[in-house]
Trainee: 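Have a look at this one before I ask anything.
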Amino acid sequence: MASFTRILRPMGATTAASVQRRCYSSRSPFSTAIAPLTTRATNPTPFTHPVTSFHTTADRRHGDLPPPTDFAAMDVLGNTPVPSTTVDICMSDGFQLNSGARITDGSGVILVGGEAFSWRPWLPRGENRLLNAKGQWEIPNESLGSLSVLWPRPDLLILGLGPEIRPISPELRRYISSLGMRVEILDTRNAAAQFNLLATERGINDVAAALVPIGWKEGIGANW
């Protein structure tokens with residue numbers, strides 16, 4: 001039984017997500033205490049020249065203030081279209097993509113080359129388990145079959161391991177390296193956010209993601 005299935009992407013234009021940023025600044029008052037310096041003189045001599053007042057700087061007028069900083073104008077990705085395969089929502093039993101496609105049956109998802117595939121890496125084992133006897137995250141090599149037949153392959157594979165991060169097995173890491181890809185391991189929420197950023201910034205052909213739902217429970221699955 002195949003562990004991944006292609007998801008049909010609905011037609012429609014994508015919209016760029018707006019990023020709101022707030023800038024907080026704080027200014028602490030600084031004061032310097034200056035003690036007067038006094039000297040003793042037996043016969044003090046009065047000043048023979050008039051004493052002038054210290055120079056003071058006039059208050060700035062409103063027109064002299066620097067212009068405000070527009071952080072939205074500094075966002076180089078602000079007008080970049082968001083790929084349709086970016087993740088809008090991480091649900092306990094699936095995902096919703098920017099294209100409107102939804103996965104709600106407890107399956108994971110592989111996002112690669114602008115395509116989305118429903119993904120169940122636990123099927124080859126015949127049970128809802130993704131950890132080996134050492135507690136390492138390990139899946140059969142054939143569960144990443146869609147990546148092995150892809151050419152050219154992405155430079156980076158982001159793995160979202162569910163609600164928490166775990167080390168992956170050395171065997172799985174070697175297999176991914178044999179495909180010519182680097183791997184980044186995160187929990188699914190952060191993995192989805194990282195994929196969204198890099199797919200928008202670098203393009204959909206340079207980065208791929210394989211995500212397990214955030215509701216995954218070992219031995220139970222995500223559809224409970």
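These values consider heavy atoms only, across backbone and side chains, with no hydrogens, waters or symmetry-generated copies.
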Trainee: Can you tell if the side chain of D206 reaches within under 4.5 Å of the side chain of P154, non-hydrogen atoms only?
Mentor: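 A side-chain contact is absent here, since even the closest heavy-atom pair is not under 4.5 Å.
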Trainee: Would you find more than 12 non-hydrogen atoms of other residues, nucleotides or ligands less than 6.0 Å from R153 atom CZ?
Mentor: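 Above 12, so yes.
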Trainee: Between atom CG of D93 and atom CD1 of I103, what is the distance when rounded to the nearest 0.5 Å?
Mentor: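 Going from the CG atom of D93 to the CD1 atom of I103 covers 10.5 Å.
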Trainee: Within this structure, what is the CG-CZ distance for the pair L97 and R102, rounded to the nearest 0.5 Å?
Mentor: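 So the CG of L97 and the CZ of R102 are separated by 10.0 Å.
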Trainee: Considering only NZ, NE, NH1 and NH2 on the basic side and carboxylate oxygens on the acidic side, decide whether R129 and E127 come within less than 4.0 Å.
Mentor: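 Looking at E127 together with R129, the answer is yes, because their closest N to O distance falls below 4.0 Å.
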Trainee: Do M181 and L147 touch side chain to side chain, with heavy atoms closer than 4.5 Å?
Mentor: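 In contact.
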Trainee: I'd like to know if R120 and D105 make a salt bridge, using a cut-off of under 4.0 Å between side-chain N and carboxylate O.
Mentor: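 Yes.
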Trainee: Would you say that L197 contacts R202 through its side chain, given a criterion of any heavy-atom pair below 4.5 Å between the two side chains?
Mentor: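 They are not in contact (no side-chain heavy atoms under 4.5 Å apart), so the answer is no.
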Trainee: If you compare all heavy atoms of P83 against all heavy atoms of I204, which two are closest, and at what distance to 0.1 Å?
Mentor: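 In this case the closest contact between P83 and I204 is CB-CG2, 3.6 Å.
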Trainee: Rounded to the nearest 0.5 Å, what separation is found between the CD atom of E218 and the CG atom of L131?
Mentor: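 Those atoms lie 4.0 Å apart.
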Trainee: Minimum heavy-atom separation for P81 to T200, with atom names?
Mentor: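 For P81 and T200, the tightest heavy-atom pair comes out as O-CG2, 4.2 Å.
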Trainee: Any chance the side chains of S169 and E138 put a donor and an acceptor closer than 3.5 Å?
Mentor: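 Looking only at side-chain atoms, E138 and S169 do form a donor-acceptor pair, the distance falling under 3.5 Å.
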Trainee: Minimum heavy-atom separation for I158 to A191, with atom names?
Mentor: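 Smallest interatomic distance, heavy atoms only, reads CG2-CB, 3.7 Å.
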Trainee: I would like to know whether D187 and L161 meet side chain to side chain contact (heavy atoms under 4.5 Å, CB included); could you show each step before the answer?
Mentor: CA-CA 5 Å; D187 63 273; L161 308 188; over 6 Å; no
Trainee: Do L144 and I139 have side-chain heavy atoms sitting under 4.5 Å apart?
Mentor: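 With C-beta onward as the side chain, the pair touches.
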Trainee: Would you mind reporting whether S143 and W119 have side-chain heavy atoms less than 4.5 Å apart?
Mentor: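 Yes, at least one pair of side-chain atoms sits under 4.5 Å.
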Trainee: Within this structure, what is the OG1-CG distance for the pair T86 and L111, rounded to the nearest 0.5 Å?
Mentor: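 It is 9.0 Å, given to the nearest 0.5 Å.
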Trainee: With a 4.5 Å cut-off on side-chain heavy atoms, are T188 and P163 touching?
Mentor: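 When only atoms from C-beta onward are counted, T188 and P163 do not touch, as no gap falls below 4.5 Å.
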Trainee: Counting N and O atoms only, with roles assigned by atom type, does the side chain of Q96 sit under 3.5 Å from a partner on the main chain of C90, one being a donor and the other an acceptor?
Mentor: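 Flag not set: sc Q96 to bb C90 has no pair under 3.5 Å.
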Trainee: Could you tell me which non-hydrogen atom of R166 sits nearest to which non-hydrogen atom of G135, and how far apart they are?
Mentor: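 So the two residues come closest at NH1-O, 3.5 Å.
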Trainee: When you measure from the side chain of N128 to the backbone N and O of I220, does any donor-acceptor pair fall under 3.5 Å?
Mentor: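 Yes, the answer is positive, given that a donor and an acceptor are paired below the 3.5 Å cut-off.
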Trainee: Under 4.0 Å between a Lys/Arg side-chain N and an Asp/Glu carboxylate O for R182 and E184?
Mentor: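 Between E184 and R182 there is no salt bridge, as every charged N stays at least 4.0 Å from the carboxylate O atoms.
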Trainee: Supply the atom-to-atom distance M91 CE to I214 CD1, rounded to the nearest 0.5 angstrom.
Mentor: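 M91 atom CE to I214 atom CD1 measures 9.0 Å (nearest 0.5 Å).
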Trainee: May I ask you to test the N196-V82 pair for a side-chain heavy-atom distance under 4.5 Å?
Mentor: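 Result no, sub-4.5 Å side-chain heavy-atom pair not found.
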Trainee: Roughly how far apart are L179 CG and I176 CD1, rounded to 0.5 Å?
Mentor: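 Between L179 CG and I176 CD1, I get 7.5 Å after rounding to 0.5 Å.
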Trainee: Side-chain heavy atoms nearer than 4.5 Å, only ILVMFWY residues, links allowed to pass through others: does that put L172 and L123 together?
Mentor: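 As far as the 4.5 Å side-chain criterion goes, L123 and L172 are connected within one cluster.
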Trainee: Please report the shortest heavy-atom distance between G94 and P213, naming the atom on each side.
Mentor: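 What the structure gives for the nearest pair is N-CB, 3.9 Å.
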Trainee: If we ignore hydrogens and angles and just use 3.5 Å, is the side chain of S177 paired with the main-chain N or O of R173 as donor and acceptor?
Mentor: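 Answer holds: yes.
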Trainee: For the residue pair P140 and P124, what are the closest heavy atoms and their distance?
Mentor: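 Taking every non-hydrogen atom into account, CG-CB, 3.7 Å.
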Trainee: Side chains of F95 and L211, heavy atoms from C-beta outward: is any pair under 4.5 Å?
Mentor: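 They are in contact (side-chain heavy atoms under 4.5 Å apart), so the answer is yes.
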Trainee: Go through the steps for W137 and I165 under the test side chain to side chain contact (heavy atoms under 4.5 Å, CB included), then give the verdict.
Mentor: CA-CA 9 Å; W137 201 82; I165 187 173; over 6 Å; no
